[in-house]
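Reading through the structure tokens given below for one structure.
Order of appearance sets the numbers: ligands from 1, and atoms from 1 within every ligand. Treat the numbers as computed from the prediction; the structure is a model and nothing was measured.
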Amino acid sequence: MSVYDVAVVGLGAMGSAALFHLARRGKRVIGIEQFTPGHDRGSSHGESRAIRLGYSEHPSYVPLVRSAFENWRELERLTGETVLTTTGILEAGAPESRMLQGSLDACILHGLDYELLDAAEIMRRFPAFRMPAGHSAIWQPEGGFLKPELANALHLKLAREASAEILAGSRVEAIESSPDAVKLALPGRAIEAASVVVSVGAWITDLVPELKPQLFIKRQVLCWYEPKQPELFGLGKLPVFAIDDGEDIVYGFPDFAGTGFKCASHYGSGVIAHADAARQDAGPADEARTRAFLERYLPQAAGPLKGMKTCMYTMTPDEDFVIDLAPSDPRIVVASPCSGHGFKFASVVGEVLADLATGGTTSHDIGRFRIGRFSDAGGID
Ligand SMILES: Cc1cc2nc3c(=O)[nH]c(=O)nc-3n(C[C@H](O)[C@H](O)[C@H](O)COP(=O)(O)OP(=O)(O)OC[C@H]3O[C@@H](n4cnc5c(N)ncnc54)[C@H](O)[C@@H]3O)c2cc1C
């Protein structure tokens, strides 16, 4: 007989949301985290995450991101806190940019609110930008940013209030299937549950080794700058943005917290062999690319560097997520590799994971995230 209905392993973005949804349904749940929740060694720290509706990666994400918006607003209603700030989102680049074309396709297919802006209009509306002639942008008024540390903490707070147990500072070393329960091995302890959500982010291949041939971890560096003209970079002056120059995509956020203007390269600074190897070790070489980009596109941003943080993307070959039941045991739900664009979905992925862990299925369309899609490439099925 299982002690818990569901055990959630990993309490980052996906795990804390799942724990909340399970606890509010009255399930006996435990959430297990190897570090202290809110730590800066995974993928969910760094002050802000972009959220956008016109989804350039594929239009089929749009219904899911709509549900995510609703769930973020519900989290705000339940807690009285602001986790989602609407700034609009500006995606800019040369006419051949795949990001621009993808966003446009999604906006048209789903009837979303958008405008096409030429370089002069971009600079008129947002004087922080210097856009080369010929560049253009898609402006989506519904985009903005989320506060990841706050959102995760609120999910955990609500989960705790709904009687979820939280075990922090304990690493799950193995997951074992037995006829009666799924067993988790921890240092000096074992936990049994009827089902398990594995939301361990970049550590996923430790517990689901079948995914190892498919996944890789990218080291990402976030940079904060003290702009030369700070008045161009505050809330209301600068939207969340991404610029695709053909070689990289650099994205940034208004300075909403007085911490400086934050931006980062989406393509990152290399691959790391294991999540344990990630360190807060960003140095001068890490910001060279971002600074060169700013000098070209947002010259008034390129003032003194105020700080840097490293973070990890867990990449799949097609850059879509993996959210599915494990082929080896349908009581194990896998939800981790989010290819660097998963945070905005956490509020709805938590609901999906609760559905899968308790009923094996969900009404949300997650067909794109099947684990078995890798089987054609010789991976798991
Ligand atoms: C720099 C950067 C910028 C990003 N920008 C955006 C953005 O603008 N918009 C967007 O939507 N997404 C963005 N993302 C992606 C998004 O942040 C991630 O997809 C998301 O945060 C991943 O959440 P997660 O829960 O899967 O992983 P995590 O938040 O890392 O959580 C996994 C947790 O599992 C724990 N864990 C691991 N192994 C074990 C174990 N064996 N036992 C117990 N606990 C364990 C870890 O300690 C960790 O706390 C960005 C990511 C990065 C790094």
Inset, instruction - For the pair Arg279 (side chain) and Asp276 (backbone), establish whether a donor and an acceptor sit closer than 3.5 Å, ignoring hydrogens and angles. - result: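 Checking the backbone N and O of Asp276 against the side chain of Arg279, a donor-acceptor pair under 3.5 Å is found.
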
Counting from 1, what ligand 1 atoms have a heavy atom of [X] closer than 4.0 Å?
| X | result |
| --- | --- |
| Leu222 | 1 (C) |
| Cys311 | 1 (C), 2 (C), 52 (C), 53 (C) |
| Gly42 | 30 (O) |
| Cys338 | 19 (O) |
| Tyr251 | 1 (C), 2 (C), 3 (C) |
| Met312 | 53 (C) |
| Ile32 | 43 (C), 44 (N) |
| Ser199 | 32 (C), 33 (C), 34 (O) |

Does at least one non-hydrogen atom of [X] fall below 4.0 angstrom from an atom of ligand 1?
| X | answer |
| --- | --- |
| Ser336 | yes |
| His39 | yes |
| Gly46 | no |
| Ser170 | yes |
| Val9 | yes |
| Phe145 | no |

Among all protein heavy atoms, pick the one closest to [atom] and tell me residue, atom and distance.
| atom | value |
| --- | --- |
| atom 30 (O) of ligand 1 | Ser43 N, 2.9 Å |
| atom 21 (O) of ligand 1 | Ser44 OG, 2.7 Å |
| atom 34 (O) of ligand 1 | Gly10 CA, 3.2 Å |
| atom 42 (N) of ligand 1 | Val172 N, 3.0 Å |
| atom 5 (N) of ligand 1 | Arg49 CD, 3.3 Å |
| atom 8 (O) of ligand 1 | Ala50 N, 2.7 Å |
| atom 51 (C) of ligand 1 | Tyr313 CE2, 3.4 Å |
| atom 14 (N) of ligand 1 | Gly340 O, 3.3 Å |

Legend entry - Heteroatom proximity flag, Lys344 to ligand 1, N/O under 3.5 Å: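 By distance alone, the answer is yes.
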
Legend entry - Ala335 N/O to ligand 1 N/O under 3.5 Å: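 No; the residue has no nitrogen or oxygen that sits under 3.5 Å from a nitrogen or oxygen of the ligand.
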
Which of parallel (below 30°), tilted (30 to 60°) and perpendicular (above 60°) describes [X] and [Y]?
| X | Y | value |
| --- | --- | --- |
| Tyr251 | His266 | perpendicular |
| Phe145 | Phe253 | perpendicular |
| Phe321 | Tyr61 | perpendicular |
| Trp72 | Phe343 | parallel |
| Phe35 | Trp203 | perpendicular |

Does a side-chain N-to-carboxylate-O contact under 4.0 Å join [X] and [Y]?
| X | Y | value |
| --- | --- | --- |
| Arg66 | Glu70 | no |
| Asp318 | Arg373 | yes |
| Asp281 | Arg219 | yes |

Inset, instruction - State whether a side-chain donor-acceptor pair under 3.5 Å links Tyr4 with Glu165. - result: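 Present: a donor and an acceptor within the cut-off.
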
Inset, instruction - For residues Phe345 and Phe69, establish whether the separation of their ring centroids is below 6.0 Å. - result: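 No, the ring of Phe345 stays outside the 6.0 Å limit from the ring of Phe69, centre to centre.
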
Legend entry - Output field: ring centroids Phe129/Phe241 closer than 6.0 Å: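 Ring-ring flag for Phe129/Phe241: true, centres closer than 6.0 Å.
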
Inset, instruction - Select the closest option to atom 35 (C) of ligand 1 among His266, Glu33, Arg219, Arg52, judged by heavy-atom distance. - result: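 The option holding the nearest heavy atom is Glu33.
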
Inset, instruction - Kindly work out whether a path of hydrophobic side-chain contacts (I/L/V/M/F/W/Y, heavy atoms less than 4.5 Å apart) joins Val198 to Val352. - result: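 No, Val198 and Val352 fall in different hydrophobic clusters.
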
Under 4.0 Å from ligand 1, counting heavy atoms only, is it the side chain of [X], its backbone, both or neither?
| X | value |
| --- | --- |
| Asn152 | neither |
| His341 | backbone |
| Ala202 | neither |
| Phe343 | both |

Legend entry - cation_pi(Arg52, Tyr55) dist<6.0 Å, angle<=45: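 Relative to the ring axis of Tyr55, which defines the angle, Arg52 lies inside both limits.
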
Inset, instruction - Quickly, which of Glu91, Met131, Arg296 forms a side-chain contact (heavy atoms from CB on, under 4.5 Å) with Ile243? Name it, please. - result: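 By the side-chain contact (heavy atoms from CB on, under 4.5 Å) criterion, Ile243 pairs with just one of Glu91, Met131, Arg296: Met131.
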
Inset, instruction - Identify the two heavy atoms, one from Arg28 and one from Val3, that lie closest to each other, and give their separation to 0.1 Å. - result: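 Shortest heavy-atom separation between Arg28 and Val3 comes out as NH1-O, 3.0 Å.
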
Inset, instruction - Mind listing the closest non-hydrogen atom pair of Glu121 and Arg124 along with its distance? - result: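 In terms of heavy atoms, the two residues are closest at OE2-NH2, 2.8 Å.
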
